[in-house]
Trainee: 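The following block contains the structure, expressed as structure tokens.
Remember, it's 1-based here, ligands and their atoms both numbered in the order they're listed. Just so it is clear, the structure is predicted and the values come from calculations on it, not from any experiment. No hydrogens, no waters, no symmetry mates; every other heavy atom, side chains included, goes into these values.
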Amino acid sequence: MRLFEQRPFLGGRATSYVLPDGEHVDNCQHVTLGCCTNLEDFYRRVGAQDKIKYFDRLLFQDPQGRTGTMQAGLLPAPLHMTGSFLTFAPLSQADKRSIASALLQILRGKGHTEDLDTPGGISMLEWLQKRKQTPGAIERFWRVVLVSALDEELDKTDARFGVDVFWKGFLSNRTGYRMGVPAVPLSELYDGCKQEIERRGGEVSLRMPVRAIHFQDGGVTSVEFDGGRQEFAEAYVFAMPHEALADLLPDDIKVKEPGLAHLENIKTSPITGVHFWFDREVMKEPFVTLLDTTTQWIFNKTALYSGKNGSREKKEQYQYLQLVISASYDLLQKPRQEIIDLCLAEVRQALPAAREAVLVKATVIKEAAATFSPQPGVDRWRPRQQTSVSRMFLAGDWTDTGWPATMEGAVRSGYLAAEAVLRAAGTPKKILQPDLPPDGLVGMFV
Ligand SMILES: Cc1cc2nc3c(=O)[nH]c(=O)nc-3n(C[C@H](O)[C@H](O)[C@H](O)COP(=O)(O)OP(=O)(O)OC[C@H]3O[C@@H](n4cnc5c(N)ncnc54)[C@H](O)[C@@H]3O)c2cc1C
């Protein structure tokens with residue numbers, strides 16, 4: 001097995017790099033959830049499981065300083081969040097009543113409601129409006145969770161993905177919502193990948209962009225690199241982003257394999273990360289979600305790394321925060337300084353200690369095509385990992401996994417591609433991990 005990666009490092013979109021001053025920065029904060037069973041399996045396979053810290057308390061705060069948490073109490077699923085929900089100060093009683101009735105519908109349908117089967121899909125906003133959700137519930141609950149989880153606005157999100165987040169993450173079991181946050185810069189999660197491939201006799205080649213794919217008689221015959229070098233294999237798994245693959249495909253192959261003909265229908269959405277270094281500690285919590293602000297999450301990287309960062313020796317002198325803004329369409333055209341000023345004002349509003357602190361440095365990383373956009377009906381355009389083109393297999397979060405664009409979706413696609421390759425070779429094997437089983441009262445009835 002040989003892996004060819006165009007960049008000088010592994011990790012793709014979920015990676016980190018070192019700034020000229022020696023600071024390690026993720027291209028953006030990445031988190032996982034307890035329901036991401038395949039990603040957890042992948043971290044275990046490459047020896048990275050101890051590099052993820054899990055948290056069972058999610059903290060929310062509005063500009064008035066009112067807070068709420070999501071944390072499992074003593075009751076079994078689906079009632080485990082009842083205590084948190086009842087005391088969630090940023091939501092009114094009317095908001096809570098409307099949310100509870102919509103959650104009940106998801107629960108009754110075991111993660112499904114009939115209108116999700118509408119041809120072409122329906123948007124999450126439409127789904128919520130049909131269930132008479134209050135503006136407060138939409139803005140301060142559904143939008144907050146789903147824009148972060150799915151990187152898209154509610155009117156452009158297929159409700160199927162939104163309902164799935166609540167079913168798998170919050171309703172069907174007690175642990176699906178637990179948030180896993182890397183305790184190291186992202187690139188350190190993949191140290192074990194190269195070793196694991198090499199241990200099995202494989203090879204990893206970096207700085208090796210595929211420049212062309214050659215086809216003959218309805219099958220892939222080779223891939224070409226710079227200088228005309230060609231490589232030949234019994235099976236080829238193309239795991240690049242869908243736009244990059246589309247550029248390499250000749251028209252006749254797109255006609256032959258309908259799954260490859262519509263890749264341009266899969267749109268992308270942006271995420272912006274803002275990195276702040278303060279001259280003192282301004283935050284004690286590991287992370288907080290902000291309501292009603294441009295900034296959606298603040299991650300306390302200093303606390304999360306706990307001395308594991310490359311800038312360990314400077315740790316005592318300052319605090320490093322990373323802010324995340326998903327579906328950040330409005331920020332794409334804004335100058336970086338304007339984004340820094342906007343977010344700094346929000347951080348100082350949310351964290352009183354930051355008002356006195358000096359911002360030592362700041363950087364903004366805009367990922368214009370961070371994820372594929374989970375638009376209504378998008379699943380129609382996502383090809384399966386096995387194609388009708390001989391020896392051609394696909395992987396990537398954008399392929400047909402049933403999941404949105406996440407690390408979990410990417411790992412699932414890789415496992416499904418591996419299963420397809422093994423099937424084609426006549427040595428079938430199950431690699432995909434099952435979902436978390438429903439537990440508590442849900443487990444008794446589902
Ligand atoms: C800012 C941001 C924040 C995110 N936050 C989260 C999060 O919190 N949680 C979460 O689960 N997911 C998150 N995601 C999504 C997650 O990063 C992706 O879903 C996942 O990394 C996709 O993996 P992939 O293997 O499908 O694609 P990629 O990671 O894009 O990998 C494709 C690889 O192909 C390589 N490549 C491209 N063209 C060629 C070529 N011609 N030849 C050789 N190699 C090539 C690329 O260099 C890249 O390494 C985030 C993404 C971004 C950008």
Trainee: With a 4.0 Å cut-off on heavy atoms, does Pro209 reach ligand 1?
Mentor: yes
Trainee: By number and element, which atoms of ligand 1 are closer than 4.0 Å to a non-hydrogen atom of Gly396?
Mentor: 26 (O)
Trainee: Nearest protein heavy-atom contact for atom 44 (N) of ligand 1: which residue, which atom, what distance?
Mentor: Gln6 N, 3.2 Å
Trainee: Which one holds for Phe4 and ligand 1: side chain close, backbone close, both close, or neither close, with close meaning a heavy atom under 4.0 Å?
Mentor: backbone
Trainee: Between Gln29 and ligand 1, which residue portion shows a heavy-atom distance shorter than 4.0 Å: side chain, backbone, both, or neither?
Mentor: backbone
Trainee: Assign the ring pair Phe85 / Phe141 to parallel, tilted or perpendicular, where the plane angle (0 to 90°) is split at 30° and 60°.
Mentor: perpendicular
Trainee: Please work out which of the three classes, parallel, tilted or perpendicular, describes the rings of Phe299 and Phe287, given edges at 30° and 60°.
Mentor: tilted
Trainee: Atom 6 (C) of ligand 1: which of His30, Lys366, Arg412 has the nearest heavy atom?
Mentor: His30
Trainee: Using a 4.0 Å cutoff against the non-hydrogen atoms of Ala14, which atoms of ligand 1 qualify?
Mentor: 17 (O), 21 (O)
Trainee: What are the atoms of ligand 1, with element, lying closer than 4.0 Å to any heavy atom of Met407?
Mentor: 9 (N), 10 (C), 11 (O), 12 (N), 19 (O)
Trainee: Is the shortest N/O to N/O distance between Thr406 and ligand 1 below 3.5 Å?
Mentor: yes
Trainee: What's the separation between atom CE in Met407 and atom CG in Asn38, rounded to the nearest 0.5 Å?
Mentor: 13.0 Å
Trainee: Salt bridge check: are Asp41 and Arg45 linked by an N-O gap of less than 4.0 Å?
Mentor: yes
Trainee: Heavy-atom contacts with Arg7 under 4.0 Å: which atoms of ligand 1 show up? List them by number with element.
Mentor: 47 (O)
Trainee: Please report whether ligand 1 has a polar contact with Asp397, defined as an N or O pair separated by less than 3.5 Å (distance criterion only).
Mentor: yes
Trainee: Would you compute the distance between atom CG of Leu39 and atom CH2 of Trp403 and round it to the nearest 0.5 angstrom?
Mentor: 9.5 Å
Trainee: Where is the nearest protein heavy atom to atom 31 (O) of ligand 1: which residue, which atom, and how far?
Mentor: Gly12 CA, 3.9 Å
Trainee: Could you list the atoms of ligand 1 found under 4.0 angstrom from a heavy atom of Cys28?
Mentor: 1 (C), 2 (C), 3 (C)
Trainee: Return the option from Arg211, Met179, Arg13, Glu367 holding the heavy atom at the smallest distance from atom 27 (O) of ligand 1.
Mentor: Arg13
Trainee: Would you call Glu224 and Arg211 a salt bridge, taking side-chain N to carboxylate O under 4.0 Å as the test?
Mentor: no
Trainee: Can you confirm whether more than 12 heavy atoms, excluding those of Asn265, are under 6.0 Å from its CG atom?
Mentor: yes
Trainee: Name the option, out of Leu10, Ile365, Thr268, Val31, that contains the heavy atom nearest to atom 8 (O) of ligand 1.
Mentor: Val31
Trainee: Quick one: CZ on Arg382 to CG on Leu263, what's the gap to the nearest 0.5 Å?
Mentor: 12.0 Å
Trainee: How long is the straight-line distance from CG of Leu249 back to CG of Leu260, given to the nearest 0.5 Å?
Mentor: 5.5 Å
Trainee: Is Glu231 salt-bridged to Arg2, going by a charged N under 4.0 Å from an acidic O?
Mentor: yes
Trainee: Please verify whether a non-hydrogen atom of Pro241 lies at under 4.0 Å from ligand 1.
Mentor: yes
Trainee: Measuring from atom CZ of Arg207 to atom CZ of Phe225, what distance do you get when rounded to the nearest 0.5 angstrom?
Mentor: 15.0 Å
Trainee: Determine, for Glu40 against Arg44, whether the closest basic-nitrogen to carboxylate-oxygen distance falls under 4.0 angstrom.
Mentor: no
Trainee: Which part of Met240 is near ligand 1, with near meaning a heavy atom under 4.0 Å away: side chain, backbone, both or neither?
Mentor: both
Trainee: To the nearest 0.1 Å, how far is atom 3 (C) of ligand 1 from its closest protein heavy atom, and which atom is that?
Mentor: Ile271 CD1, 3.4 Å
Trainee: Please work out, at 4.0 Å between heavy atoms, whether the side chain, the backbone, both, or neither of Cys36 comes within that distance of ligand 1.
Mentor: neither
Trainee: Counting both backbone and side chain atoms, is some N or O of Glu5 under 3.5 Å from an N or O of ligand 1?
Mentor: yes
Trainee: Quick one: look up the protein heavy atom nearest atom 52 (C) of ligand 1 and list residue, atom name and how far away it is.
Mentor: Ala370 CB, 3.8 Å
Trainee: Classify the ring geometry of Phe278 against Phe276: parallel below 30°, tilted from 30° to 60°, perpendicular beyond 60°.
Mentor: perpendicular
Trainee: At less than 4.0 angstrom from any non-hydrogen atom of Ala405, what atoms of ligand 1 do you find?
Mentor: 15 (C), 19 (O)
Trainee: Considering only the protein, which heavy-atom contact is closest to atom 25 (O) of ligand 1, and what is its distance?
Mentor: Ala410 CB, 4.1 Å
Trainee: Could you give the distance from CG (Asp247) to NE2 (His242), rounded to the nearest 0.5 Å?
Mentor: 10.5 Å
Trainee: Among all protein non-hydrogen atoms, which one is nearest to atom 32 (C) of ligand 1, and what is the separation to 0.1 Å?
Mentor: Ala239 O, 3.4 Å
Trainee: Are Arg412 and Asp435 ion-paired here, with the side-chain N under 4.0 Å from a carboxylate O?
Mentor: yes
Trainee: Can an N or O of Val210 be found at a distance shorter than 3.5 Å from an N or O of ligand 1?
Mentor: yes
